[in-house]
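Only this structure's heavy atoms are used, side chains among them; waters, hydrogens and symmetry mates stay out. Position 1 is the first residue of the sequence; numbering continues from there.
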Amino acid sequence: MAETLQTNGGGIWDTVLELTKLAQDKNTNPMVWAIQLGSILNSAGLTLPSVELSHLLVSHICWNNNFPITWKFLEKALALKFVPPMLVLALLSTRVISSRRVHPAAYRLYMELLKRYGSSFASQLHESNHEKILKAIDDALHLSDLYGIQASGPAVLSVLFVFSNVWQLVDASLDDEGLLEYSPEKISRWLTGIQDMDIVNHGRFLENKIEFQEGVLKRNTLMAVEMIVESLQSKVTSQILFLVRQNMPSHWSDFYQHLQLLASKSSALRSSKLTTPEIFAQMASDTSKHLHWQSKTSLQHQFHAVMAPGCFLPSSIQCHGASNSSLWLPIDLFLEDAMEGIVVTPTCAIDTLTSMVKSLQALYSTTWHDTFLGLWIAILRLVQREKNPCDGPVARLDSCLCMLLSITPLVLLNLIDEDIKGSEFSQREDKQASSSRRHELVSCLQQLGEYEGLLTPPPSVASIANQAAITAIMYLSGLNINSGYLDSVSVSDVPINCAGNLRHLIVEACIARNLLDISAYTWPGYVNARVNQIPRVSGQVTGWSSLMKGSPLTSALVNALVSCPASSLAEIEKIYEIAVGGSDDEKISAATILCGASLIRGWNVQEHTVLFLLRLLSPPIPAEYSGSESHLISYGPFLNVLLIGIATVDIVQIFSLHGLVPHLAGELMPICEVFGSYSPKISWTLSTGEEINSHAVFSNAFTLLLKLWCFDHTPIEQALGDVPSVASQLSPEYLLLVRNSQLASCGSAAKDQSRYQRISKLITLPSTEPIFMDSFPKLKCWYRQHQACIASPLSGLTPGTPVHQIVEALLTMLFKKMNRGTASGSSSSSGSSMEEAVLRLQLPAWDILEALPFVLDAALTACAYDKLSPRDLATGLKDLADFLPASLASILSYFTAEVTRGVWKPVSMNGTDWPSPAANLSMVEQQIHKVLATTGIDVPSLATVGNSIPTLPLPLAALLSLTITYKIDKANERYLNLVGRGVVVLAACCPWPCMPIVAALWAQKAKRWSDFLIHSASRAVFNLNNDAVVQLLRSCFSSVLGFNASPRCRNGGVGALLGHGFGSGYSNGMSPVAPGIFYLRVSPFIRNITFVAEEIVSLLMMSVKGIATGGLSNETIGKLKKCKFGMRYRQVSLTSAMSRVKLAASVGASFVWISGGINLLQTLLKEMLPSWFISTQRTVDIGESGSVVATLSGYALAYFAVLCGLFAWGVDAASSASKLRSKVLASHLEFMATALEGKISLGCELATWRAYVSGFLGLLVRCIPAWLQEIDVHILKSLSKGLRLWNEEELAVALVGVSGINAMGAAAEMIIESA
């Protein structure tokens, strides 16, 4: 018999089946049957638990042997582990649930078995034949096919198994109560093959009696519902369901809809004694509650409580400025930095701000209402700081208003589009996730009206704000807004109750982008007047309504449209159509209008206007064009109007904020290439009588192009520091790479598709074909020469070559006195020589620029050897700039390179040879010392000129002398902005007191710029003194945290850090500059940004100690008290301390990001922080108070590190900035794991390290789990192992639980093993 069983597998199962039938007929005791069965299985040498036996027993029961005794046999086989419980339950579910109405008793027995064996996973994870069992379960339930996941391990299969079991019970309960038809899909994936039929009773169960069947069905439904409740209450099951929710969102979404349906409509649930529908709904939405961990020590427990996202300072103890408005301090700092304009950034402020808002909202777990309100308040604070700015050549108010009324609405549009297109169940599902962001925006803007102090409009835009309010008044009075009525209304002088504010402008900007509708006009208190209260002007006033009615572009209408911004896309499209298809004069008029108020203050359509201007810079080839020269030449006057119109500082900044600098550079390069290749003989006479030539068009395009990259930053500035600065990475090649990259990915992302759908239909998107510097050989040649001049002194001028001849002609024309070898005198032939030289210089601009470095070298050498007077040198340089304004680029480039080489002797600024700053130099030096002192900076080594004659390096003196020959007017603004900024940057890099001398000379010329010049000169101190940088950073931390004793900083927070801007507020002299503003102005000039990041970490640790101790002695610190809000040091609670720690961390991370960009942030995570933990020396005996400081320090570093990562990469799963995220984060987590394993010796306090690890990982788990999904599972498992050694079991599970589908198995295994 035994031999037969061993050779014939089928015989074994025939024997087992015969045994079972015989025992069934005899009603044998199940234990006796099990003993006999075990003997047969052992004799056959089969591996237990057996897959085949599972199939045999379940098939035997269903349905020919559906007797109570056979179910007892099955239960005994399960108890003795003859069969794998998961497989048996899987096989039963496919048969029993679909037939539960026909066999209700079987359904009940199935649920009893499920309740008893449904959670017995641990014993099945490591069975010798587990692979066979897994495959059988997968085949039975088709899990891989249903979920699209390969059930490659027992832990993953356990997750899918539990999820399927609960889902089956939910759908069965819904179907039993007739509720399944209310679900979106109307059917269940599990309930197939159900047939209600009458069957003949053969002594099985009494299932054919109707009254019995109905009673069992109701009891079964109640039992199923209660089992679902118990599953949600069970720690193990709810944790497993959370893994599904986190890593299988689409399947969870379908399942959750069914849970909600059960909660809202199930009568069985309402009759259950275990729970109520409300509690059930709460449990269903809180499946992650068991993955919220608490530390096991009492002190750590208190810290965990205040470390949690969303735990902020209670309103009753909002001291030291750590109020909720301070949560958005990084946004304040970003906005201020974006307004500086020293570096024209190629990135889009819309994308950066969108990423920042999402990151902070995720980190702080705020509602979208509070998030939007924080964003608006931060930007309104920016505008208010610029109401009375220093007068100077910088972009400020118009750029701020662009940020408020154009950039921010577009940020909100991104966020709301994302909300509409996103899944109902995000990776971080919380109560507010399903709430409409658009609704939150509406409620936020309604509340914004309470902040009247922030809503006062700057005087220059008060009339536009009034117009916005009058628009609402017209609507409420029943007038047509588009009727032209506004053209005859006086908007500059209106009654107080008709006056508008910044909220009216914000609402109009949101309405224009369909974020709001005009029902906003009916909000309570939005407007409080009627149209008859608004004064009218006499006579017909032309405006945009006249244009839209078909009026021709007369001179009066053009002037009106230039000064009045367009309010709708239709108006801008009308002008664009004229610019494309009108007559030559109409095209020029349309270009003038587009570059006027509609560009600067047409905030409702600004994103369209800048795109229209870009398209106009590359006009199409006319249909009738047949010339051999470039078609761009025929557009010379038209292009010149555009180039002049967009050359101002504010407009360049507006292009930068919209992220169009790379595209603007791509449009300017062909213009430079073409017009720089033609002689000035090609000219045009404008309708005004003015004559322009190819040199003028080229110069305007070329000088504008140079403003788009860090052309004026000195070589030394780009060479220092371990991490390249943001400025040093900008170049024409880089701009083209960014442009090509953006166009290549155009429309591939969902947000890009939304953005392009919003663009005017008249705009054709540019070709996605990449362009490179090789496409512009003349420009490339000049750029290579520019780089060569920086790298080494000039060489290679060969006599008799065309370049040499141009050099001679330029020297003859510009420096005729030098040609005779004397400093004065003339000859009779000089006139004819000049005329001949001018004729010889009717050359393309590129040829002249190629010769200029040699000309400048000869002139500077002649001046150094007294063969050319300084006055004649300055005059010649000015003549050169007038002859070819683009030559300012070569002048600045050459003189900057020569200053940094340090080979030229200094010259005396004595007022005879060179201009003298003596008249106000002493005052400038005193004011610089005062500015530094009021900001908390003490630099004893800061020397003054005193009675000695000030000196400057010869090239800097020559460059400065050239700049002060320019008149400060609109005509020269675009050139002064280029060369003037270059002088400031160059002087700031020279030894002290070069910068005060430059400021003193310019203050003599432009007295109204004095405050601006003195503040700018003060920045040079930080280029030369690292200790001054440290002092400034310390002042920033002290101010924002309220450590500073001055009245201005006593309350800390945003106001103390950023103050009232960069303006002059005192009638008796300079106002103090807030330290945060000062640092933002200084940071672009700091050379060693690695040093800055290291100091910020040190200052953060010092700040934490100050927060924890409150400045008290060690003896006093030990006297801890308990209060309503937790542990106190006197009156400072732990909650308050933690809030201020987060504030300090946000300031530190913001400064690192602003100082060095993504490269410095990544270096900090990869190198600086690991080095800090290793090298920091721990205290011998820290005591309890020291333990608090150490723990706070760890949490501060955790927040600091996470914020650095958020600023660098954002929260999105995939973005251009996140491509290096996985590599950098993996490196940092690997360092953590290695240290947890004891393979790295740490120097810091253990409490600091433990707080950092748990804080950092906890923030990733709670706020940004998408990052963890990119990390190798082995690293995560290693971290989890280390956390479990610290008894942080729940954090260990949560870490792998949120880390994606690949880590789900590891998480499930940990959950099962800890059960």
Side-chain angles (χ1 to χ4, degrees), residues 807-831 833-834 837-838 841 852-885 887-888 890-892 894-896 898-899 903-921 945 948-969 972 975-976 979-980 982-984 986-987 990 994 996-1007:
V807 170
E808 289 296 321
L810 284 169
L811 290 172
T812 300
M813 182 182 77
L814 302 173
F815 307 108
K816 51 186 179 295
K817 295 181 181 180
M818 184 184 74
N819 290 335
R820 298 191 62 207
T822 62
S824 62
S826 61
S827 68
S828 59
S829 63
S830 62
S833 298
M834 280 285 294
V838 171
L841 289 173
L852 275 184
F854 301 101
V855 174
L856 298 171
D857 183 64
L860 209 58
T861 302
C863 186
Y865 288 97
D866 298 326
K867 293 183 178 180
L868 183 68
S869 71
R871 189 178 301 275
D872 289 337
L873 174 62
T875 301
L877 292 174
K878 183 62 167 64
D879 292 341
L880 174 60
D882 291 341
F883 171 70
L884 180 64
S887 62
L888 285 170
S890 293
I891 295 172
L892 180 58
Y894 174 76
F895 283 175
T896 297
E898 292 303 308
V899 168
V903 297
W904 298 93
K905 66 179 182 179
V907 297
S908 298
M909 311 299 289
N910 53 19
T912 303
D913 299 319
W914 298 93
S916 172
N920 59 349
L921 180 57
V945 175
S948 59
I949 299 176
T951 61
L952 289 177
L954 174 58
L956 177 57
L959 193 57
L960 177 60
S961 298
L962 169 63
T963 62
I964 62 176
T965 63
Y966 276 90
K967 291 181 179 180
I968 303 175
D969 56 22
N972 290 313
Y975 303 128
L976 268 177
V979 71
V983 170
V984 170
L986 178 58
C990 290
C994 289
I997 294 171
V998 171
L1001 278 168
W1002 258 101
Q1004 292 176 22
K1005 181 178 180 64
K1007 288 185 171 59

Exercise. What residues form a side-chain hydrogen bond (donor to acceptor under 3.5 Å, both in side chains) with Asn972, not counting sequence neighbours?
Worked result: Asp969
Exercise. Closest approach of Ala958 and Phe895, non-hydrogen atoms and distance?
Worked result: CB-CE1, 3.8 Å
Exercise. Partners of Asp882 by salt bridge (charged side-chain N to carboxylate O under 4.0 Å, His left out), sequence neighbours excluded?
Worked result: Lys878
Problem set entry | Separation between CG of Leu1001 and CG of Leu952, rounded to the nearest 0.5 Å | 7.5 Å
Problem set entry | Pairs touching residues 949-967 that satisfy side-chain hydrogen bond (donor to acceptor under 3.5 Å, both in side chains), sequence neighbours left out | Thr963-Trp1002
For this session: Mind checking side chain to side chain contact (heavy atoms under 4.5 Å, CB included) for Ser916 and listing every partner two or more places apart, or none if nothing turns up?
Result: Ala918
Problem set entry | Value rounded to 0.5 Å, distance of CD1 in Ile891 from CG in Leu877 | 5.0 Å
Exercise. CG/Leu852 to CG/Leu880 distance, rounded to the nearest 0.5 angstrom?
Worked result: 5.0 Å
For this session: Indicate the atoms forming the closest heavy-atom contact of Asp857 with Thr861, along with that distance.
Result: O-OG1, 2.7 Å
Exercise. Does the side chain to side chain contact (heavy atoms under 4.5 Å, CB included) test come out yes or no for Phe815 and Val855, once each step is laid out?
Worked result: CA-CA 10 Å; Phe815 307 108; Val855 174; 4.1 Å; yes
Seminar exercise, completed: All heavy atoms of Pro996 vs all of Leu921, minimum pair found to be O-CD1, 3.6 Å
For this session: Mind checking the CG-CG spacing from Asp913 to Leu873? Nearest 0.5 Å is all I need.
Result: 11.5 Å
Exercise. Leu892 and Val979: which non-hydrogen atoms are nearest, and at how many Å?
Worked result: CD2-CA, 4.3 Å
Problem set entry | Shortest non-hydrogen contact from Gln1004 toward Pro917 | NE2-CA, 3.3 Å
Seminar exercise, completed: Of all heavy-atom pairs linking Leu962 and Ala874, the shortest is CD1-O, 4.5 Å
Seminar exercise, completed: Separation between OG (Ser887) and CG (Asp879), nearest 0.5 Å, reads 10.5 Å
For this session: Report the residues that fulfil side chain to side chain contact (heavy atoms under 4.5 Å, CB included) with Ala999, sequence neighbours left out, ordered by chain and then residue number.
Result: Val924, Leu1013, Ala1017
Problem set entry | side chain to side chain contact (heavy atoms under 4.5 Å, CB included) against Val907, all qualifying residues, sequence neighbours excluded | Met909, Trp914, Leu954, Ala957
Seminar exercise, completed: Between the OH atom in Tyr894 and the CG atom in Leu959, the distance rounded to the nearest 0.5 Å is 12.5 Å
